[in-house]
Amino acid sequence: MPINNRIAHFHDEMTAWRRDLHENPELGFEEQRTSDIVAAKLEEWGIEVHRGLAGTGVVGSLKLGTSNRAIGIRADMDALPMSEANGFEHRSKIDGKMHACGHDGHTTMLLGAAKYLSETRNFDGTVHFIFQPAEEGGGGGRVMVEQGLFDKFPVDAVYGLHNDTTLPVGEISVVSGPVQAASDVFRIHITGKGGHAAKPHFCIDPVVIGSHIVVAMQSIAARRVNPLDSAVISITQFHAGTASNIIPHSGWLDGTVRTLLPEVRDDVQRLLTQIAETTAAAFDAEARVEYHRNYPVTANHAAETERAAIAAAKVLGADKVIRERVPSMGGEDFAFMLEARPGCYVKLGQAGADKGKTPVHHPNYDFNDDILPLGASLWATLVEQELPRG
Ligand code: NI
């Protein structure tokens, strides 16, 4: 059984849903239209709908039979604050907003599974279809968990999926352990002493001090972290000054830290703070570090990973299921759901011969509609497998 036949039958319908979402992107926590559409479809199919978790979050619950078993499947709904460069008909209608990560496709695949399962009703137990806001940095998944997602909708396991532009259509990675990095952000405020650019000896130049800090940071990953562990420290903004003849009084840097192990995360935070503060102090300036732990490591649980792999093999064939792969240093807020409940986050290939290869977050990215029935079939198969009848 490769793709579920009934699901393949409404492939065109799913493509239309996906393209409508693509044309009308909404940023994190603002997914009003998107969540209205999701809720309306679920209700149309007789699925009980709960709204309001994390603002625009939607949970559809479908309970059949007598079993107490329950699973959750999660999709993300938000777009990115960037302009689309594609010229096709379903490109974003909103300047500065774009579905450049394929969350339009993730939402559509979960809707496809919900439609199929509500029609066929071939399982015993409860499925919670979880549509979360604000995956792209806003932590909508964290907010849903904090607001009682799994108290209101108890599950034995929770599953999530992301499209993958580096894997061919028809392949999937289902890997136990860490699959996405912890993702933190920081800002370093440097206070020096402003003055005339021709008289630097009367000033304390935050640009020079900031530059020393940027260079010194590079040695954290290169010299302080075990080479067999992983750390990324990227400084992505450096702001100071207003004119060519003024040494600014202050400036700030910010950036991101990605790690895969809790102890490395602790070390990098400590070293980054120490280097910023002591480098500034060496030049009679002051540095203040704001460090925010954003997303934890996304770590798949062994037993649920096995179950997801079995379902994936039924849909795609065992030889198409990748069971070992190095983690991505990207962050993912499904991590909060996996901290709360056992589960697995899989990556579904979308690279075709002539489409689907442009990386996510690129202005020419587009979700490959060819994989809509694959993702929907995966979820439907997993539900029927995990909540078997009789
Ligand atoms: Ni994404």
Side-chain angles (χ1 to χ4, degrees), residues 10 13-63 71-82 84 90 92-94 96-118 126-153 155 158-163 332-334 336-337 340 345 367 369 372 375-376 379:
F10 59 80
E13 197 181 339
M14 280 195 286
T15 301
W17 303 341
R18 206 285 293 178
R19 293 185 176 188
D20 172 68
L21 295 177
H22 191 87
E23 280 181 33
N24 297 281
E26 296 175 298
L27 301 183
F29 296 120
E30 296 171 2
E31 306 90 339
Q32 202 57 57
R33 179 184 184 276
T34 308
S35 62
D36 284 348
I37 289 170
V38 166
K41 289 198 188 303
L42 296 173
E43 273 165 5
E44 180 191 324
W45 302 326
I47 294 170
E48 192 181 312
V49 171
H50 180 284
R51 303 188 67 174
L53 277 178
T56 48
V58 180
V59 181
S61 303
L62 184 58
K63 180 173 169 51
I71 67 170
I73 307 174
R74 164 276 204 181
D76 38 16
M77 300 187 290
D78 57 320
L80 284 158
M82 58 188 282
E84 178 155 8
H90 66 273
S92 170
K93 291 199 284 201
I94 303 165
K97 297 181 188 178
M98 177 187 175
H99 269 296
C101 204
H103 299 184
D104 47 351
H106 305 163
T107 295
T108 301
M109 291 189 282
L110 187 52
L111 283 173
K115 177 181 162 78
Y116 167 84
L117 290 164
S118 69
T126 304
V127 192
H128 297 298
F129 303 97
I130 302 165
F131 296 86
Q132 76 148 83
E135 192 287 319
E136 297 286 0
R142 173 179 51 76
V143 178
M144 285 186 94
V145 172
E146 284 171 359
Q147 293 183 357
L149 172 66
F150 294 126
D151 303 321
K152 292 184 171 78
F153 307 100
V155 297
V158 63
Y159 296 87
L161 170 161
H162 207 289
N163 72 92
E332 165 59 61
D333 92 341
F334 188 62
F336 292 103
M337 295 192 189
Y345 176 78
F367 182 85
D369 291 312
L372 288 170
W379 292 146

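Positions are given from 1, in the same order as the sequence printed here. Keep in mind that this is a model prediction, so the values were computed, not measured.
Using a 4.5 Å heavy-atom threshold, the side chains of I130 and M337 count as touching. When side chains are defined from C-beta on, D20 counts as touching I37, because their heavy atoms get closer than 4.5 Å.
In terms of the salt bridge (Lys or Arg N to Asp or Glu O under 4.0 Å) criterion, residue partners of E13 (sequence neighbours excluded) are, by chain and number, K115. For H106, the ring-ring contact (aromatic ring centres under 6.0 Å, His included) partners are H103, H162, not counting sequence neighbours. Remark: E332 pairs with R74 by the salt bridge (Lys or Arg N to Asp or Glu O under 4.0 Å) rule, at least two apart or across chains.
Rounding to the nearest 0.5 angstrom, the gap separating the CD1 atom in I73 from the OH atom in Y159 is 9.0 Å. One distance of note links CE of M77 with CD of E30; it measures 12.0 Å at 0.5 Å rounding. Summarising the geometry, atom CG belonging to L80 is positioned 8.0 Å from atom CG belonging to L27; distances are rounded to the nearest 0.5 Å. Residue I71 holds its CD1 atom at 10.0 Å from NE2 of H128, rounded to the nearest 0.5 Å. Within the model, atoms CZ of F367 and CE of M109 stand 4.0 Å from one another, a figure rounded to the nearest 0.5 Å. S118 OG to K41 NZ: the interatomic distance, rounded to the nearest 0.5 Å, is 12.0 Å.
In plain terms, the two heavy atoms of A113 and W379 that are nearest each other are CB-CB, 3.7 Å. The two residues F334 and G160 make their nearest non-hydrogen contact at CZ-N, 3.4 Å. Nearest heavy-atom pair across G105 and L372 is O-CD2, 3.9 Å. Between A134 and D333 the shortest heavy-atom distance is O-OD2, 3.7 Å. Residues M144 and G57 come closest through the heavy atom pair CE-CA, 4.1 Å. Closest of all the heavy-atom pairs between A79 and P25 is CB-CB, 3.4 Å.
Distance alone, capped at 3.5 Å, places no donor-acceptor pair between the K63 side chain and the E48 backbone. Within the 3.5 Å criterion, the main-chain N or O of A54 finds a donor-acceptor partner in the side chain of Q147. Between the E43 side chain and the V49 main chain, no donor and acceptor come within less than 3.5 Å of each other.
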- Task: Report the C-alpha separation of L53 and F153 in whole Å, then their side-chain angles, then the decisive distance to 0.1 Å, and conclude whether the side-chain contact (heavy atoms from CB on, under 4.5 Å) test is met.
- Result: CA-CA 11 Å; L53 277 178; F153 307 100; 4.0 Å; yes
- Message: Between T56 and T34, does the side-chain contact (heavy atoms from CB on, under 4.5 Å) criterion hold? Intermediate values first, please.
- Response: CA-CA 9 Å; T56 48; T34 308; over 6 Å; no
- Message: Show, in sequence, the C-alpha distance, side-chain angles and deciding distance for F131 and E31, and conclude whether the side-chain contact (heavy atoms from CB on, under 4.5 Å) test is met.
- Response: CA-CA 10 Å; F131 296 86; E31 306 90 339; over 6 Å; no
- Message: Could you walk me through whether Y116 and F10 satisfy the side-chain contact (heavy atoms from CB on, under 4.5 Å) test, starting with their C-alpha distance in whole Å, then the side-chain angles of each, then the deciding distance to 0.1 Å, before giving a yes or no?
- Response: CA-CA 9 Å; Y116 167 84; F10 59 80; 4.3 Å; yes
- Check the pair D78 / K97 against salt bridge (charged side-chain N to carboxylate O under 4.0 Å, His left out), numbers first and verdict last. CA-CA 10 Å; D78 57 320; K97 297 181 188 178; over 6 Å; no
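Ring geometry for W17 against W45 counts as tilted: the plane angle lies between 30° and 60°, on a 0 to 90° scale.
The one candidate from D104, T108, N24, D369 that meets the side chain to side chain donor-acceptor pair (under 3.5 Å) condition with R19 is D369. None of H22, H99, H90 except one satisfies the side chain to side chain donor-acceptor pair (under 3.5 Å) rule with E84; the exception is H22.
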